Amino acid sequence: MQTRFVLYALVATAMVGGFAFVADALVTSDEEHLTAIAEQLTEAERGERVEGVLRWMDLSREPVRLEHGERVRRFREDDDHRLAEGVHDALAGFDAEDLEVVQRSVRVDGERGTVAIRARARGELHDVTLHVVRSGQGWLIERVQAS
C-alpha cells in the first residue's frame, strides 16, 4: 500500500514538473525578448542586422528618438523612410563583417527596458543603447543612443 502511494506521488511529481517545463518553454520572458534585440544586432547575417532592429520600431504606435553623436532627431508616424536612413547611419558600425561584441547588457524595469551593446569592428569601438517600452504583449524601441 505504501509502495503504491510512493509510486503515485512520483508519477504526479514528474507530471507536474513536465507541465512546468513545457509552460516555461512556451512563455518568453521580458529579458528573452530584449536579448533577441541584442542578438539581432550582433549575431544576424551581415546586411540584416540593422533591418532586424528596425522591425522593433513601429512609428504608428511609438515615436522614436535617435541620438547619434551630437545630433538628436525625432521621428513620428509618417517618417518611416527617414527613420530607416537615420538608424542605418547610426548603426553602420554594427554591420561590419568583423564585428566582435565586447559587452552586452539587458535590463528590464517594469514597462521599460534597455539593451546596451559595445562592439568592436574595423578596430573601432561602437556603442549603442536601445531604450524600449512595453507595447501590448511585446516591446518597441523608443530611443536609440549611438556613438
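Since the model is a prediction, treat every value here as computed from it, not as a measurement.
- Within the 4.5 Å cutoff, no side-chain heavy atoms of W56 are placed close to those of V132.
- Residues passing the side chain to side chain contact (heavy atoms under 4.5 Å, CB included) test with A92: none are found, sequence neighbours excluded.
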Open item on the list: Show, in sequence, the C-alpha distance, side-chain angles and deciding distance for V87 and V50, and conclude whether the side chain to side chain contact (heavy atoms under 4.5 Å, CB included) test is met.
Closed with: CA-CA 7 Å; V87 171; V50 178; 3.7 Å; yes
Identify each donor-acceptor pair in which a side-chain atom of residues 137-146 lies under 3.5 Å from a protein atom, sequence neighbours left out, and give them as a table.
unit_1 : atom_1 : unit_2 : atom_2 : d
E142   : OE1    : R112   : NH1    : 3.1
E142   : OE2    : R112   : NH1    : 2.6
R143   : NH1    : E67    : OE2    : 3.4
R143   : NH2    : H131   : ND1    : 3.4
R143   : NH2    : H131   : NE2    : 3.3
Q145   : OE1    : H131   : NE2    : 2.5
Q145   : NE2    : E67    : OE1    : 3.2

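- Clustering of Ile, Leu, Val, Met, Phe, Trp and Tyr side chains at separations under 4.5 Å leaves V101 isolated, with no partner residue.
- For R61, the side-chain hydrogen bond (donor to acceptor under 3.5 Å, both in side chains) criterion is met by S135, not counting sequence neighbours.
- Rounded to the nearest 0.5 Å, atoms CG (L34) and CG (L130) are 9.5 Å apart.
- In terms of the salt bridge (Lys or Arg N to Asp or Glu O under 4.0 Å) criterion, E70 has no residue partners (sequence neighbours excluded).
- Here the NE2 atom belonging to H126 is positioned 9.5 Å from the OG atom belonging to S147, to the nearest 0.5 angstrom.
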TODO: Mind running side chain to side chain contact (heavy atoms under 4.5 Å, CB included) on R74 and V72 for me, showing each step along the way?
DONE: CA-CA 7 Å; R74 290 173 179 77; V72 176; 3.9 Å; yes
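- Checked against side-chain hydrogen bond (donor to acceptor under 3.5 Å, both in side chains), R118 has the following partners two or more places apart in sequence or in another chain: D127.
- Other members of the hydrophobic cluster containing V102, listed by chain and number, are L125; membership follows side-chain contacts under 4.5 Å among ILVMFWY residues, whether direct or relayed.
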Could you pull out every donor-acceptor pair under 3.5 Å between side chains of residues 36-47 and any protein atom, sequence neighbours left out?
unit_1 : atom_1 : unit_2 : atom_2 : d
Q40    : NE2    : E48    : O      : 2.9
T42    : OG1    : A38    : O      : 2.8
R46    : NE     : D95    : O      : 2.8

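- Residues passing the side-chain hydrogen bond (donor to acceptor under 3.5 Å, both in side chains) test with D89: none are found, sequence neighbours excluded.
- I117 is listed as a side-chain neighbour of F94, based on a closest heavy-atom distance under 4.5 Å.
- Annotation for P63 and R76: closest pair CB-NH1, 3.3 Å, computed over non-hydrogen atoms.
- Note: R107 CZ to D109 CG = 5.5 Å, rounded to the nearest 0.5 Å.
- Every side chain to side chain contact (heavy atoms under 4.5 Å, CB included) that D98 has, sequence neighbours left out, goes to A96, A121, R122.
- For the residue pair D58 and S60, the shortest heavy atom distance occurs at OD1-OG, 2.6 Å.
- For the atom pair NE2 (H33) and CZ (R134), the distance works out to 8.0 Å, reported to the nearest 0.5 Å.
- Taking the side-chain hydrogen bond (donor to acceptor under 3.5 Å, both in side chains) definition, one finds that D79 meets it with R82, sequence neighbours left out.
- With sequence neighbours excluded, the residues that form a side chain to side chain contact (heavy atoms under 4.5 Å, CB included) with R71 are R73.
- A distance of 9.0 Å separates CE in M57 from CZ in F75, rounded to the nearest 0.5 Å.
- Around CD of Q103, the count of heavy atoms belonging to other residues, nucleotides or ligands within 6.0 Å does not exceed 12.
- E85 CD to L66 CG: the interatomic distance, rounded to the nearest 0.5 Å, is 11.5 Å.
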